[in-house]
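First comes the structure, then the notes that go with it.
Small disclaimer: the values here were computed from a predicted structure and weren't measured. Every chain is numbered from 1, with letters handed out A, B, ... down the list of sequences.
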Number of protein chains: 2
Amino acid sequence: MQLDPNHLVMLASVVDEGGLTPGAHALGKSQPSLSRTLAALEARLGQPLFEKGRRPLVPTELGAALAAQGRVIRQASGEASTQADLYIGGKTGAVRVAGTPVFMDAVIATMIAGFQQAHPNVRIDQSYGYAETLIRDVDSGSLDLAICPLPPGELPDRVAFEEILQGRNVIACRMGHPLARKRALKLEDIAHYPWIAPPTNSPLYQDLRAILQEIEVEDVKVSFSGGSISAVRTVLEGSDSLTILPYSVLFMMRQQKALTALDIRIHHVPRNLGIISPADRPERPAVRRFHRHIATEFKTLAHSISHAQQNSLWRA
Amino acid sequence: MQLDPNHLVMLASVVDEGGLTPGAHALGKSQPSLSRTLAALEARLGQPLFEKGRRPLVPTELGAALAAQGRVIRQASGEASTQADLYIGGKTGAVRVAGTPVFMDAVIATMIAGFQQAHPNVRIDQSYGYAETLIRDVDSGSLDLAICPLPPGELPDRVAFEEILQGRNVIACRMGHPLARKRALKLEDIAHYPWIAPPTNSPLYQDLRAILQEIEVEDVKVSFSGGSISAVRTVLEGSDSLTILPYSVLFMMRQQKALTALDIRIHHVPRNLGIISPADRPERPAVRRFHRHIATEFKTLAHSISHAQQNSLWRA
DNA sequence: GGCATAATATAACCTGATGCTATGCAATTG
DNA sequence: CAATTGCATAGCATCAGGTTATATTATGCC
């Protein structure tokens, strides 16, 4: 005997509310509707669901048994409803985000932490990658968002690119570095210190090569290479090495007072940090929420940076 | 967002079967039906349930989450279906049956055991009572069936009474009783033995009084009274007491070879054992099954009794 | 690449379930 | 016994959801 889940829910409502009228009210339907439907159900079953001729309506054994299943269905249905509402509201779901390692670890991780605070049930699946693969993965749909620097001219086809921060690199060293307090450094001042090189496939590495070429340092000593920002920072703090870092990354670490930037102008990097997202496909609610969060956080960050620069607390 | 349980079941079916066509087949519906319904659901949600433009159909996060609830609903619905089938088939449910203590314990209990064997999920709620209250309780609906002896003429109003066994009482004693092997007993033979009396409110007690009056025994010694059949039997077995018992009760105990009947004619009891059931109200399936079981068992019993008598294995 | 194949989406139609209001009828209560 | 409350029934309207036929779209193979 095939039974309609809706009928079972109606039955459960009537049993639980203690009558057709309150039961109908609880379901937002009319009393005759329930009466007819349950009468039809009784006819189908060939068995009464309620004791006949009694007026606080009392369910039969069968009625009680079926009502129990109706409750399960009502519960599951309600669960589905709230799940859907949460999902649509972006309170649940997964976000697959990737970016260049240094930015992800030094900048985005903090923003993710803030997002998790407000949306603990959104799962963030983070991974690392560089521009080419990021664009491909966003385009193919295996990635929801990507954060990476791109040359201003080279706006990628088929995906959207939203600039969020001007690219600017600085030469970083530990706070107590011999060069840290010197003003208007010369090229020869930095020539003698060892360098920490980013992974060779990273854009930063290209920037480093460009800078070294610019300051005409040929035989650079590379003391460490290939590490994450965490490893780089640890090595920087414990030595007199220099490295190249995005200014924003250094800015995010300003609270720790461990690293600083050298007072030397280096060539402007023709690269702007931005968010890559699918151009055609609409974002899932959780992705949209996360996207917005990242975007506003970066706006705040950009504002902080320019504010800090105006106050000369930090030098260019 | 209110969701229709049926839609969730459809979704679950499509997800589990791996496509609209097999999903529709599993539900016994057509493919366009599912397609349209799920498309409408997606429109309501504003979110896709399946990844677009992929074929093997793969559910989205939301689709998978809702399908999980759909599975719960399908499960509960199926559970309700089998529950209903079992109930209608009389394989489940409760039977409220009562009867006079001696018959219930000595005769009906055995039949209940046999019934439980075949219907382990039917709950038997047994109680004790005598004719008046039994009839009242069956009529009021607080009892499904009652088994008790009634005088042939006094067919009760408003309830059905189905005769199942001719009433006939005998005087019972232990197998090795001094009178057990004697033939054609006289009244004076039994006058000296103590008696076990049934509860004073039982019909058997009236029968006992009638018999004693018949055989003109006035100053009867009652050595024990008010006990259940089990207690009576124990006392009978351990003494030379006599008592009055329905022949069928004694017959049911014949295997144990503990008790026997005296070879003495006593007045025929104007009382037939029968099943009392509601006249108007239809019986619930489990009750109907139990009723039939009892009835056929009694037919068998009646047959056995007459067969045994013909073979003279037992004397009248 | 393009065709063959298989599965899904759409169209058009129709039936029946289910919503409503109005009202009759039965059970409970004072 | 009358009043009240609540369930059952009737009649009507609507639309969700079933069908078949057909267009459209992925996918796999040559």
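Listed pair A/His7 / C/dT18 meets the phosphate criterion, a side-chain N or O lying under 4.0 Å from OP1 or OP2. Between C/dG19 and A/Ser30, no contact under 4.0 Å exists linking OP1 or OP2 to a side-chain N or O.
A/Thr21 comes within contact range of the sugar-phosphate backbone alone, with a heavy-atom separation under 4.0 Å but no base atom that close. Note on B/Asp4: only backbone sugar-phosphate atoms sit closer than 4.0 angstrom, heavy atoms only; bases stay farther off.
A/His25 and A/Glu17 form no side-chain donor-acceptor contact under 3.5 Å, judged by distance and modelled atom types alone.
We find that B/Glu42 and B/Lys52 are joined by a salt bridge, their nearest charged nitrogen and carboxylate oxygen being less than 4.0 Å apart.
Which of C/dA9, D/dG17, D/dT27 sits closest to the side chain of B/Arg55 comes down to D/dT27. Closest approach to the A/Ser35 side chain among C/dC20, C/dT8, D/dA8 is made by D/dA8 (side chain taken as heavy atoms from C-beta onward). Checking D/dA8, D/dT27, C/dT10 against the side-chain heavy atoms of B/Pro56 singles out D/dT27 as nearest.
Remark: P of C/dT18 and CG of A/Leu41 are 10 Å apart, rounded to the nearest angstrom. Atom CZ of A/Phe50 is separated from atom P of D/dG6 by 15 Å (rounded to the nearest Å). Atom CG of A/Asn6 and atom C1' of D/dG17 are 13 Å apart (whole Å). One can place NE2 of A/His25 at 12 Å from P of C/dC20, the figure rounded to the nearest angstrom. Counting to the nearest Å, the P atom of D/dC7 and the NZ atom of A/Lys52 are 12 Å from each other. In this structure, A/Arg44 places its CZ atom 15 Å from C1' of C/dT18, rounding to the nearest Å. When rounded to the nearest whole Å, the span between CG of B/Leu38 and C1' of C/dT8 equals 12 Å. Atom P of nucleotide C/dG19 and atom CG of A/Leu34 are separated by 7 Å, given to the nearest angstrom.
Not a single donor-acceptor contact under 3.5 angstrom links the side-chain atoms of B/Gln31 to the base of C/dA7. Between the side chain of B/Arg36 and the base of C/dT10 there is no donor-acceptor pair of N/O atoms closer than 3.5 Å.
Here the rule is salt bridge (Lys or Arg N to Asp or Glu O under 4.0 Å) with B/Arg96, and of B/Asp137, B/Asp125, B/Asp144 only B/Asp144 fits it.
When atom types are taken as modelled, the side chain of B/Arg284 and the backbone of B/Tyr87 share no donor-acceptor pair closer than 3.5 angstrom.
Note: B/Glu283 CD to B/Arg289 CZ = 13.0 Å, rounded to the nearest 0.5 Å.
Position along DNA chain D of the nearest nucleotide to B/Met10 versus A/Gly19 favours A/Gly19 as the more 5'-ward residue. The residue among B/Leu20 and A/Gly53 whose nearest nucleotide of DNA chain C lies closer to the 5′ end is B/Leu20.
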